[in-house]
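See structure below.
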Amino acid sequence: MSKPSIPQGMRDFSSETVRKRNYIFSKIKEVFEIYGFQPLETPAMENLETLMGKYGEEGDRLIFKILNNGLNDPKNQEKAKDGFEKLLEGKSSKAITERALKYDLTIPFARYVAMNHGQLTFPYKRYQIQQVWRADRPQKGRYREFTQCDADVVGSNALINEVELAYVYHDVFTRLGLKEYCLKINNRKILASLAIECGDIDLLTNITIAIDKLDKIGIDKVKLELEQKGLNPSQINVIERYLNIIGSNDDQLSQIETLLGSNEQAQEGIKELKYILTHLNQINIEIDFTLARGLDYYTGSIFEVKAPASVQMGSIGGGGRYDNLTGLFGVPNIPGVGVSFGVDRIYDVMEEMQLFPQDLQISTKALFFNMGEKESEYAYKIMQELRKDGIACELYHELSKLDKQFKYAEKKNITYAVIIGSKEIEQNCAILKNLSSGNQENIPFNQLAEKIK
RNA sequence: GUGGUUGUAGCUCAGUUGGUUAGAGCACCAGAUUGUGAUUCUGGGGGUCGUGGGUUCGAGCCCCAUCAUCCACCCCA
């Protein structure tokens, strides 16, 4: 038998890691709940047609598809062969695969809303914390299975939702102690107007992909890429003037008004930005007109959260407004806006910046030493009393040298050692030793719980 | 999907131009120590050198393939 292994980009999480991850989840959940979001879970797999075509061409390629069962059944073999031919041609085939692992939480959520819009109370505010899967090559901060934490509001056009979600970001990162994060905002309408200003709305995708890279590759390479995409010098000139907008939020707003203010869409986008920013004067938020975000379905505000520059992680969260997501599933006129947290990346950032609290790893509070068969029977009864009081404790599993029992306690980060030997039984008390300070004292059995708590 | 990096004991890593029986530190186990975490000393167990082929009298080392890893691109959280 070959050595056991797990698939590429998948991970086991040790106890220590799970505790740290749970710490992040609990903070995020707390904030979601106090802003009035309700939990939702959807299945790991969706019908393939629910997912295909929603994330662009690249996205389709990265969806994990699940092979149908029963392909070897003689009844299905003709179909399966035809289907396989189709696959080889690069088309998809229901005969071979009709289910897939979910790629994000937003599309399954839209599917859920489309299926249940009759029952839901709008605006519907839901949060969802689940795994998603992408068949991407793993690298730093990128895994094939990772967890997203989303909060969305659907059924409301009000910009107050954007304001609320920005506060959600702020509150979560504040609670996690991740102070130097950077929340950026832009509006797709402004990007769209830039494309119109260049003479063709269809240029939007190419333009956004190129300018999104500005801080990574610099202005010259962005211009080169635009040139390669077939833009002419006067178009590139417009974009360059757009990219040269810098300064405080107010400065940037007045500059964009000068450049694109005559465009109706731009006016709308600018108005929205202004509204959101004036309601967010308590927190740090930066306009970034180069912010584009990949997903095609965004139509209004877009958000992105960058990790502190010192850790080189890039995006740890993102979101935005979409006008008609459920329209993809035949239910029109349900606009929405949402944000997402990349927990796995937040974990990596917090690990690197050492932001996890020390006391997360304390599991067992007290270890009862095993001093022999009779003694441990006695100790067991006392231990069960402590457990009734909610104190996590355990009895060392066999009679061993004290040295060994101490080492076990030390490794498991256990706070107290409780030693009950024949002497102690006679005196109706136990030795309670604090393993971090090294102090020990005799404690009557009936006071043990109180001392340990 | 494209390009590169790495893979030797539980962990971190040495290992010469291809040449006897593959090493170290840490960890683990036993003892010195029959009720208090240390230190020290003595002894011990552990490896199909990622996997599968090939070249060679001979491969941890060279070649091919494959899997995993990390990194960059694409894209993205």
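So that the names make sense, note that chain A is the first sequence line, chain B the second, and so on, each numbered from 1.
Put simply, the side chain of A:K423 and the base of B:rG35 share no donor and acceptor less than 3.5 Å apart. If you check distances only, the side chain of A:Q405 never reaches the base of B:rU36 with a donor-acceptor pair under 3.5 Å. Under 3.5 Å, the side chain of A:E375 and the base of B:rG35 form no donor-acceptor pair of N or O atoms. Side-chain atoms of A:R61 stay outside donor-acceptor range of the base of B:rC74, with no qualifying N/O pair under 3.5 Å. Residue-to-nucleotide contacts include no donor-acceptor pair under 3.5 Å from the side chain of A:R134 to the base of B:rC76.
Across all strands, A:G372 comes closer than 4.0 Å to no nucleic acid atom at all (heavy-atom distances). The residue A:G56 sits apart from the nucleic acid: no heavy atom pair falls under 4.0 Å. Looking at heavy-atom distances under 4.0 Å, A:S340 makes no contact with the nucleic acid at all. Among the atoms of the strands shown, none is found under 4.0 Å from any heavy atom of A:G318. Base contact: A:N434 has a heavy atom under 4.0 Å from a base atom. At a threshold of 4.0 angstrom between heavy atoms, the contacts of A:K411 are confined to the sugar-phosphate backbone, with no base atom among them. Using a 4.0 Å heavy-atom criterion, one finds that A:I209 contacts the sugar-phosphate atoms exclusively. Residue A:S422 is in base contact, counting any heavy-atom pair closer than 4.0 Å across all strands shown. As judged by a 4.0 angstrom heavy-atom cut-off over every strand, A:G141 is placed among the base-contacting residues.
Aromatic pair A:F341/A:Y169: centroids less than 6.0 angstrom apart. A:Y167 has its ring centre no less than 6.0 Å from the ring centre of A:Y35. Residues A:Y181 and A:F173 place their aromatic rings such that the two centres sit under 6.0 Å apart. Ring to ring, A:Y378 and A:F445 are close: their centroids are under 6.0 angstrom apart. Under the 6.0 Å cut-off for aromatic ring centres, A:F368 and A:Y396 do not qualify, their centroids lying 6.0 Å or more apart.
Look at CD on A:Q139: it is 10 Å from C1' on B:rC74, rounded to the nearest Å. Note: CD (A:Q8) to P (B:rU66) measures 13 Å, nearest angstrom. Taking atom NZ on A:K401 and atom C1' on B:rG31, their separation rounds to 7 Å, with Å as the unit. Note: CG (A:D212) to P (B:rC74) measures 11 Å, nearest angstrom. One atom, CZ of A:F64, and another, P of B:rG1, lie 10 Å apart when rounded to the nearest Å. Straight-line distance from the CD atom of A:Q131 to the P atom of B:rA77: 16 Å, rounded to whole Å. A:E304 has its CD atom 13 Å from the C1' atom of B:rC75, to the nearest Å. A:Q148 places its CD atom 10 Å from the C1' atom of B:rC76, with the value rounded to the nearest Å.
Listed candidates were B:rG35, B:rA38, B:rC76. Nearest to the side chain of A:M371 is B:rG35. Considering only the side chain of A:K404, B:rA30 comes nearest among B:rU36, B:rA30, B:rA38. Residue A:L435 places its side chain closer to B:rG37 than to any other of B:rG37, B:rC29, B:rC74. Each of B:rC75, B:rA38, B:rG3 was ranked by its minimum atom distance to the side chain of A:D403; first place goes to B:rA38. In the set B:rC71, B:rU36, B:rG35, the nucleotide with an atom closest to the side chain of A:E424 is B:rG35.
Judged by the 6.0 Å distance and 45° axis criteria, A:R144 is not positioned over the aromatic ring of A:F64.
Comparing B:rA38 with B:rC26, their P atoms sit 15 Å apart, to the nearest whole Å. Using C1' as the reference atom, B:rG43 and B:rG52 are 40 Å apart when rounded to the nearest Å. One P atom belongs to B:rU66, the other to B:rC29, and the distance between them is 43 Å to the nearest Å. Rounded to whole Å, the separation between the P atoms of B:rC61 and B:rC76 comes to 42 Å. Straight-line distance between the C1' atoms of B:rG1 and B:rU20: roughly 48 Å, to the nearest whole Å. Nucleotides B:rG7 and B:rG45 place their P atoms 28 Å apart, quoted to the nearest Å. Across the C1' atoms, B:rU17 and B:rC28 are found 38 Å apart, a figure rounded to whole Å. Comparing B:rA9 with B:rC74, their C1' atoms are spaced 40 Å from each other, to the whole Å.
Looking at which nucleotide of RNA chain B each of A:A135 and A:D344 is closest to, the 5′-most match is held by A:A135. Checking A:G9 against A:E145, the closest nucleotide of RNA chain B that is more toward the 5' end is the one next to A:G9.
A close approach under 4.0 Å does not occur between any side-chain nitrogen or oxygen of A:K407 and OP1 or OP2 of B:rA27. Note on A:K221: every side-chain N or O is 4.0 Å or more away from OP1 and OP2 of B:rC73.
For the side chain to side chain contact (heavy atoms under 4.5 Å, CB included) test, residues two or more places apart in sequence or in another chain that qualify with A:S422 are A:E375.
Pairs of Watson-Crick or G-U wobble type, with distances under 3.5 Å, assemble into runs of 3 or more in RNA chain B at these ranges: B:1-4 with B:70-73, B:10-13 with B:23-26, B:28-32 with B:40-44, B:50-54 with B:62-66.
By the 4.0 Å N-to-carboxylate-O rule, A:D152 lies too far from A:K125 to be salt-bridged with it. In summary, A:E46 and A:R99 do not engage in a salt bridge, as defined by a charged side-chain N under 4.0 Å from a carboxylate O.
Between A:N68 and A:K94 the shortest heavy-atom distance is ND2-O, 2.8 Å.
In this structure, the aromatic ring of A:F341 is not positioned over the six-membered ring of the base of B:rA77 within 5.5 Å between centres and 30° between planes.
Exactly one of A:R134, A:R11, A:R142 qualifies for a salt bridge (charged side-chain N to carboxylate O under 4.0 Å, His left out) with A:D344. That residue is A:R11.
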